[in-house]
Enquirer: 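Have a look at the structure that comes next, please.
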Amino acid sequence: MKGSLRILSLALIASAGVAQAADFQITITNVGPQPLSPFYFAAADNSFNIFNVGGTSSLGIKDIAETGNTAEMLNITNAAGGAVGAFGVIGMSPLGPGDTRMMSFSTDMSHGFFSFATMLGKTNDGFLGESFSSMGLSLFSGSNPVGFDLTITGARAWDAGTELNTQNAADLAFLGGNGNPAENSGDDHIRVHAGIINGVGDSWDQMPAWSQNTDLLRVQVTPVPEPASMAVLGLGALALIRKRRNRKS
């Protein structure tokens with residue numbers, strides 16, 4: 001009987017975990033022509049917003065968009081305290097075209113909105129990302145973890161508005177440049193990136209181009225294990241209990 005109660009307890013704990021908290025796996029795949037910087041992500045409540053389209057970039061977004069450096073964004077995330085349930089960086093080096101990387105994390109439904117940012121590696125200040133205000137990616141449906149499968153196209157490639165897109169080697173981090181050309185007046189805000197402009201700058205031909213319809217990044221966030229698997233576990237445990245009881249009777 002004690003063994004039966006223990007199995008039932010485990011089944012109930014597993015079932016409760018589905019309703020309140022869950023483990024997730026992130027899979028990111030570079031499906032575009034541009035290399036991408038290490039991938040910053042956070043699972044948080046609706047008060048944590050890493051950027052606003054049309055707004056001014058924070059230092060965290062500026063650093064990611066210009067150099068791929070996530071340190072300041074991690075500082076911002078740490079300072080948000082209880083608003084954030086989980087966060088991290090996937091990869092220590094650029095994600096090349098065709099590359100895939102994965103990471104696991106845990107969060108609960110009160111911290112169920114997913115945000116991310118990664119540099120378009122061969123641009124002045126281009127990045128891919130979503131925030132609570134831009135898309136509001138939810139990891140839960142009600143109390144059930146569901147995740148999502150999202151492909152980002154060029155129509156949602158962002159210009160951070162922190163540098164003028166000179167397309168010159170002296171201003172491009174991937175070519176060793178460290179110039180910081182001032183953005184045009186009125187363009188110093190986050191907006192859809194205009195893309196690589198042929199013939200502009202001395203290094204435009206080393207910057208892989210994309211269009212608004214080009215697939216650039218696939219982000220998959222999947223519950224681990226799937227909710228259906230947890231339900232099967234619970235039913236299996238109850239069936240085992242009944243079987244043992246029938247044998248004893």
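Computed from heavy atoms alone, side chains included, the values below leave out hydrogens, waters and symmetry copies.
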Enquirer: Passes side-chain hydrogen bond (donor to acceptor under 3.5 Å, both in side chains), T153 versus D215? Steps please.
Expert: CA-CA 4 Å; T153 69; D215 290 346; 5.8 Å; no

Enquirer: Verify the ring-centre separation between F24 and F140: is it less than 6.0 angstrom?
Expert: yes

Enquirer: Check whether any side-chain heavy atom of Y40 sits under 4.5 Å from a side-chain heavy atom of T118, and report yes or no.
Expert: no

Enquirer: Do S131 side-chain atoms and S134 backbone N/O form a donor-acceptor pair below 3.5 Å?
Expert: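 It does hold such a pair.
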
Enquirer: Between D45 and G82, what is the shortest heavy-atom contact and its length?
Expert: OD2-O, 4.5 Å

Enquirer: Can you confirm whether R218 sits close enough to I152 that some side-chain heavy atom of one is under 4.5 Å from a side-chain heavy atom of the other?
Expert: no

Enquirer: Should the pair E183-K62 be classified as a salt bridge under the 4.0 Å nitrogen-to-oxygen rule?
Expert: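 So E183 does not pair with K62 through a salt bridge.
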
Enquirer: Mark yes or no for whether N30, through its side chain, and L95, through its backbone, hold a donor-acceptor pair below 3.5 Å.
Expert: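 The answer is yes, because a donor-acceptor pair under 3.5 Å joins these two groups.
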
Enquirer: Are F114 and F132 an aromatic pair by the rule of ring centers under 6.0 Å?
Expert: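 Ring centres of F132 and F114 not closer than 6.0 Å.
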
Enquirer: Quick one: does N49's side chain have a donor or acceptor within less than 3.5 Å of a partner on S133's backbone?
Expert: yes

Enquirer: Hey, are the side chains of T29 and D99 touching, using non-hydrogen atoms and a 4.5 Å cut-off?
Expert: no

Enquirer: Taking C-beta and beyond as the side chain, do T162 and D188 meet within less than 4.5 Å on heavy atoms?
Expert: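 They are not in side-chain contact.
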
Enquirer: For K122, is there any backbone N or O sitting under 3.5 Å from a side-chain donor or acceptor partner on Q34?
Expert: yes

Enquirer: Heavy-atom distance under 4.5 Å between the side chains of R156 and V192, does that happen here?
Expert: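 No; the side chains remain at least 4.5 Å from each other.
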
Enquirer: Give the ring-plane orientation class for F105 versus F41, where under 30° counts as parallel, over 60° as perpendicular and anything between as tilted.
Expert: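 Ring orientation of F105 relative to F41: tilted.
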
Enquirer: Verify ring pair (Phe, Tyr, Trp, His ring centres under 6.0 Å) between F39 and F116, making sure each step is shown before the conclusion.
Expert: CA-CA 7 Å; F39 181 97; F116 67 91; 5.2 Å; yes

Enquirer: Taking the side chain as C-beta and beyond, is there a heavy-atom pair between L139 and F113 under 4.5 Å?
Expert: no

Enquirer: Between T70 and M73 (side chain of the first, backbone of the second, donor and acceptor by atom type, cut-off under 3.5 Å), is there such a pair?
Expert: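 Judged by distance alone, no pair lies under 3.5 Å.
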
Enquirer: For S115 and I50, indicate whether the former's side chain and the latter's backbone hold a donor-acceptor pair under 3.5 Å.
Expert: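 Checked: no pair found.
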
